[in-house]
Amino acid sequence: EVQLVESGGGLVQPGGSLRLSCAASGFTFSSYRMSWYRQTPGKERELVATITSGGGNTDYADSAKGRFTISRDNAKNTVYLQLNSLKAEDTAIYSCNAKFSIRNYWGQGTQVTVSS
């Protein structure tokens, strides 16, 4: 059974940091491009960051550049998203995505709330 389980979300003050994790199982993690998306009510899901299967290349939304860092550990079947200098507008449900060819898997998401 394919599973993507996110963790690490929570309530943080503006300017704070969080580290999100997404633990994968049930597929060959090291073959998949991994991404983090976020969504807030009434808005379309937004691609935040992506990392290639080997971890050699990353890409970020403009809103994430300079503040967020995506990384992966293929030995642990886990992808991470380090969130720094958080702003109120970063409040959203963050979900991880695994993609390889026509295979496309999603986690349930973890809530990040940035508020004082």
Side-chain angles (χ1 to χ4, degrees):
E1 179 188 5
V2 171
Q3 283 194 315
L4 292 171
V5 180
E6 299 95 337
S7 61
L11 173 65
V12 63
Q13 292 187 341
S17 298
L18 285 173
R19 189 193 195 201
L20 307 183
S21 300
C22 172
S25 61
F27 62 99
T28 307
F29 179 78
S30 59
S31 296
Y32 282 66
R33 174 187 293 262
M34 299 299 298
S35 300
W36 284 95
Y37 287 76
R38 66 185 182 185
Q39 189 166 24
T40 55
K43 291 187 177 181
E44 288 189 5
R45 186 162 52 196
E46 175 189 17
L47 174 62
V48 176
T50 192
I51 187 167
T52 52
S53 58
N57 289 290
T58 58
D59 197 17
Y60 297 89
D62 287 343
S63 59
K65 287 178 181 175
R67 299 189 301 127
F68 299 174
T69 303
I70 189 170
S71 61
R72 66 190 295 161
D73 186 337
N74 284 349
K76 295 183 178 179
N77 287 356
T78 302
V79 62
Y80 305 96
L81 186 67
Q82 178 69 40
L83 309 173
N84 295 331
S85 303
L86 282 162
K87 307 173 183 179
E89 51 263 44
D90 295 318
T91 296
I93 296 174
Y94 286 71
S95 301
C96 65
N97 169 265
K99 185 170 177 63
F100 175 71
S101 184
I102 63 170
R103 300 181 180 91
N104 196 24
Y105 307 130
W106 291 93
Q108 291 296 310
T110 185
Q111 176 72 47
V112 171
T113 302
V114 184
S115 175
S116 56

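Just so we're clear, the structure is a prediction, and the values are computed from it rather than from any experiment. The basis for the numbers below is simple: all heavy atoms, side chains too, and nothing from hydrogens, waters or symmetry mates.
Interatomic distance, S30 OG to N77 CG, rounded to the nearest 0.5 Å: 7.5 Å. To the nearest 0.5 Å, the span separating OG on S21 from CZ on R72 amounts to 13.5 Å. Here the SG atom belonging to C96 is positioned 12.0 Å from the OH atom belonging to Y80, to the nearest 0.5 angstrom. From T91, atom OG1 reaches atom CD of Q111 across 7.0 Å, with rounding to the nearest 0.5 Å.
Looking at residues two or more places apart in sequence or on another chain, you find a side-chain contact (heavy atoms from CB on, under 4.5 Å) between V12 and L18, L86, V114. When the side-chain contact (heavy atoms from CB on, under 4.5 Å) test is applied to S25, the partners found at least two apart in sequence or on another chain are Q3. T40 meets the side-chain contact (heavy atoms from CB on, under 4.5 Å) test with K43, A92; sequence neighbours excluded. Qualifying side-chain hydrogen bond (donor to acceptor under 3.5 Å, both in side chains) partners for S17, counting only residues two or more places apart in sequence or in other chains: N84.
No donor-acceptor pair closer than 3.5 Å links the side chain of E6 to the backbone N or O of L20.
You'll find the side chain of D90 stays beyond 4.5 Å of the side chain of V112, heavy atoms only.
Note on V5: it does not cluster hydrophobically with Y37, by side-chain heavy-atom contacts below 4.5 Å among ILVMFWY residues.
Looking at every heavy atom in both residues, A24 comes nearest to F29 through CB-CD1, 3.5 Å. Closest heavy-atom contact between S71 and V79: O-CG2, 3.2 Å. Looking at every heavy atom in both residues, F100 comes nearest to S31 through CD1-O, 3.3 Å. Here the shortest heavy-atom pairing between S115 and P14 reads C-CD, 3.6 Å. Across all non-hydrogen atoms, the minimal contact from T78 to K76 is OG1-O, 2.8 Å.
The list of side chain to side chain donor-acceptor pair (under 3.5 Å) pairs with a residue in residues 101-110, not counting sequence neighbours, reads N97-N104.
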Report task. Dump the intermediate steps for side chain to side chain contact (heavy atoms under 4.5 Å, CB included) on Y94 and C22, then the final yes or no. Result -> CA-CA 10 Å; Y94 286 71; C22 172; over 6 Å; no
Please tabulate, one pair per line, all N/O donor-acceptor pairs under 3.5 Å involving side-chain atoms of residues 44-62, not counting sequence neighbours.
from : atom 1 : to  : atom 2 : distance (Å)
E46  : OE1    : R38 : NE     : 2.7
E46  : OE1    : R38 : NH2    : 3.3
E46  : OE2    : S63 : OG     : 3.1
T50  : OG1    : M34 : O      : 3.2
T50  : OG1    : S35 : OG     : 2.7
T52  : OG1    : G56 : N      : 3.4
T52  : OG1    : N57 : N      : 3.1
T52  : OG1    : N57 : O      : 3.3
Y60  : OH     : I70 : N      : 2.9
D62  : OD1    : K65 : NZ     : 3.2

